[in-house]
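A short write-up of the structure that comes next.
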Amino acid sequence: MLNLLPFISVLFFLSCSQIVEKKEEPKQEPKKIETPLLQKLEKEYAVIDTIPYLEAYIERIIMVGSSGLGFASGKMQGGFADVSDAQKISHYVVTLAGKHCGDHEMAKKAEMYYTSNCGGCHGDDGKGLNGTFPNLTRPTLLGIEKRKEFLKFKIEKLKK
Ligand code: HEC
């Protein structure tokens, strides 16, 4: 029996390595189904006037800044807050515009932050300063208006 041990262990090793080899056979990559661009753009266009879209837009600007809207004061730097604070502040900005943010408590928590960090430029009421700092209480923010025009143009072009 003891003599057989090396033989058995070799057999065992071989069968194991076969299993391992089998497992390592290159798997067929599942084919990725890319959503066509037109579909993606149409999906975005369909939600562009919603509050969650508005909040996400404001959040992104708080984090990365804004440029190209043509204000005399130039661009706005980003890095004002991290993701979770940016979320609270965006909720507050939405309430300044007289819209329902869906989480009033969250918005209230950001009031102080807004007043001390954003109010200096955009005004405590969010109405900005004509031509110098954008009004955050417009029915549609300028950046969203621009995006809307871009999407409309792109979608029409892709449909042709
Ligand atoms: C130093 C002045 C300054 C401060 C502080 C500032 N911003 Fe701005 N903000 C600007 C300017 C200028 C623009 C327009 C820049 C551009 O895109 O041309 C702008 C753009 C924006 C826009 C886009 C407006 C639109 O119509 O699309 C939003 C939203 C915004 N700011 C929110 C905030 C929030 C929230 C804070 C505080 C965390 C803040 N800003 C702090 C100057 C400021």
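Atoms within a ligand are numbered from 1 in the order they appear, just like the ligands themselves.
V64 belongs to a hydrophobic cluster with M63, V83, counting contacts under 4.5 Å between side-chain heavy atoms of Ile, Leu, Val, Met, Phe, Trp and Tyr, direct or through other members.
Using a cut-off of 4.0 Å between Lys/Arg side-chain N and Asp/Glu carboxylate O, D49 and K148 are scored as salt-bridged. Under the 4.0 Å criterion applied to side-chain N and carboxylate O atoms, K159 and E42 are assigned as salt-bridge partners. Looking at E149 and K152, no side-chain N of the basic residue comes within less than 4.0 Å of a carboxylate O on the acidic one, giving no salt bridge.
Annotation: atom 18 (O) of ligand 1 to nearest protein heavy atom, L69 N, 2.8 Å. Atom 27 (O) of ligand 1 has as its closest protein heavy atom Y57 OH, 2.6 Å. Nearest non-hydrogen protein atom to atom 5 (C) of ligand 1 is N117 O, 3.2 Å. Here the heavy atom of the protein found nearest to atom 26 (O) of ligand 1 is L142 N, 2.8 Å.
Every atom of ligand 1 is numbered from 1 in the order shown, and the set under 4.0 Å from a heavy atom of G68 is 16 (C), 17 (O), 18 (O). Taking every non-hydrogen atom of S73 and a distance limit under 4.0 Å, the qualifying atoms of ligand 1 come out as 12 (C). Proximity to G74 (heavy-atom distance under 4.0 Å) selects the following atoms of ligand 1: 12 (C), 15 (C), 18 (O). Each of the following atoms of ligand 1 lies closer than 4.0 Å to a heavy atom of G70: 18 (O).
The shortest N or O to N or O distance between S67 and ligand 1 is under 3.5 Å. The N/O atoms of I144, backbone and side chain alike, include none that comes under 3.5 Å of an N/O atom in ligand 1. Residue-to-ligand polar distances keep K75 apart from ligand 1: every N/O pair is separated by 3.5 Å or more.
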For the pair H91 and E55, evaluate side-chain contact (heavy atoms from CB on, under 4.5 Å) and give the outcome as yes or no after the intermediate values. CA-CA 6 Å; H91 275 61; E55 283 172 350; 3.6 Å; yes

Would Y45 and R147 count as a side-chain contact (heavy atoms from CB on, under 4.5 Å) here? Give the steps. CA-CA 9 Å; Y45 193 75; R147 179 76 187 160; over 6 Å; no

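Partners of K43 under the salt bridge (Lys or Arg N to Asp or Glu O under 4.0 Å) rule, at least two apart in sequence or in another chain, do not exist in this structure.
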Output side-chain donor-acceptor pairs under 3.5 Å for residues 125-134, partner residues at least two apart or in another chain, one line each.
from	atom 1	to	atom 2	distance (Å)
D125	OD1	K127	N	3.0

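N117 contributes a side-chain N or O that, together with a main-chain N or O of Y113, makes up a donor-acceptor pair within less than 3.5 Å. Within the 3.5 Å criterion, the main-chain N or O of Y92 finds no donor-acceptor partner in the side chain of K109.
In plain terms, the two heavy atoms of A81 and A86 that are nearest each other are CB-N, 3.9 Å.
Here the side chains of K146 and L69 are in contact, with some heavy-atom distance below 4.5 Å.
If you look at I62 next to ligand 1, the close heavy atoms, those under 4.0 Å, all belong to the side chain.
Shown here are the protein N/O/S atoms lying under 2.8 Å from atom 8 (Fe) of ligand 1, water excluded: M76 SD, H122 NE2.
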